[in-house]
Amino acid sequence: MPSLKFAVLAGDYIGPEVMSEALRVLDAVARQENLTLDYTAADVGGAAIDRHGSALPESTIATCAAADAILFGSVGGPKWEKLPPAQQPERAALLPLRKHFTLFANIRPGLLYRELTDASPLKTARIPDGIDIVCIRELTGGVYFGQPKATTTLPDGDIQAVDTMVYRKSEIERITATAITAARSRKGKLCSIDKANVLETSVLWRKTVTAYVAQHAPELALTHMYVDNAAMQLARDPNQFDVFVTENMFGDILSDEMAVICGSLGMLSSASLGASKNSCGLPFGLYEPAGGTAPDLAGKDLANPCAQILSAALMLRYSFGLEKPAARIEAAVKQAVVSGTRTADIAFGGKSIGTRAMADAVIAHL
Ligand code: NAD
């Protein structure tokens, strides 16, 4: 019986609520598919600050390092807002985790079922069949990490701040390889997004993506788009994309735009894949909902657990190579929602159910 060894970092506010539902769904699918779950919970974020004085204690890193994947909830919230920025849960837990495990490839499905098009701020006529696209964002390079990064006072008394956008060819090649895998598993279409008319890093980006795809995946239909145009096209006709790949900051902005047009954050999952392989010979990865800790919903049985459940499905697919159980979870979520079982965020004022009942419905559809 294959054993799945993963770390569970639930985090704060709704994090533990949706995490326990995702674990119930995983338990159900494991029983049906003859899999053994071998998971260890560890503190992260505000909860870890309260108990250990640090948002990412050494013991939590050790738990993650001993596992094949991390199932992550979300961190942060009003309770820790007064801490200095560098100690804020998101910055002090998530960024170091990404860096520590070199989680360079962020995969975000932008999925909106046809039955939920009313949840999108876009006109339903533009998305009659919903939305089904994938954003691949480079996650460990670019302007967020480049050096120098500093604020200095100049001799004339003025103040200057500098961030540095930097990319190596090898970093661009490895994210392109991830994008190729995603594009091959879908429609064979890949759009690379950059700002090659202005930025040196984007010139290298475009050149490298073009050469890499020509060499390794000539069968793909590769296109390029400037990021300003991409932001407009996403709002105009999102389904013209199938898979798009872009650098860190552009991906940060475009993936949030994608989340908005897809309706509720409660439905959107994500995977961040690492450079190293786990004991299954597959990418080590961190899997988390696209949304945050939703303090407004915490403790009220109101949060939608689907994003966390779908993140667990991505973990089965990418870090454990279990396509069938992953697809079964995804199908069960879709069937539950399509048949009208909805939490408040996707009920449009109609009848809604709570977090636990939503997970029950998903389990019933497995
Ligand atoms: P948020 O994503 O928590 O909430 C934004 C809106 O989406 C709220 O109306 C919320 O109710 C709704 N929402 C989010 N998840 C939902 C779900 N599962 N079901 C139903 N509705 C859901 O963003 P925010 O309010 O800006 O941030 C709250 C806290 O979360 C902040 O401390 C922020 O730093 C943190 N945060 C953490 C992460 C992370 O851990 N990866 C990501 C984003 C924000």
Take atom CZ of Arg186 as the centre, draw a 6.0 Å sphere, and report whether it contains more than 12 heavy atoms from other residues, nucleotides or ligands.
-> yes

Scan for side-chain hydrogen bond (donor to acceptor under 3.5 Å, both in side chains) pairs involving residues 47-65, sequence neighbours excluded, and state none if there are none.
-> Asp43-Arg51, Asp43-His52, Asp50-Lys79, Asp50-Trp80

Can you tell me if Thr293 uses its side chain to pair, donor with acceptor, with the backbone of Gly76 under 3.5 Å?
-> yes

SG (Cys306) and CD1 (Ile329) are apart, to the nearest 0.5 Å, by 11.5 Å

Is the Tyr318 ring parallel, tilted or perpendicular to the Tyr287 ring (thresholds 30°, 60°)?
-> parallel

Would you please name every residue forming a salt bridge (Lys or Arg N to Asp or Glu O under 4.0 Å) with Lys277, sequence neighbours left out?
-> none

So how far is it from Phe241 CZ to Met258 CE, rounded to the nearest 0.5 Å?
-> 11.0 Å

Kindly say whether the aromatic ring centers of Phe284 and Phe101 come within a distance under 6.0 Å.
-> yes

Rounded to the nearest 0.5 angstrom, the CD1-CD distance for Ile180 and Glu219 is 8.0 Å

Donor-acceptor pair, side chain of Ser255 and main chain of Gly251, under 3.5 angstrom | yes

Measure the shortest side-chain to side-chain distance between Met267 and Ile346 over non-hydrogen atoms and say whether it is less than 4.5 angstrom.
-> yes

Please walk me through it: do Met249 and Lys195 pass side chain to side chain contact (heavy atoms under 4.5 Å, CB included)?
-> CA-CA 11 Å; Met249 182 172 62; Lys195 189 72 183 164; over 6 Å; no

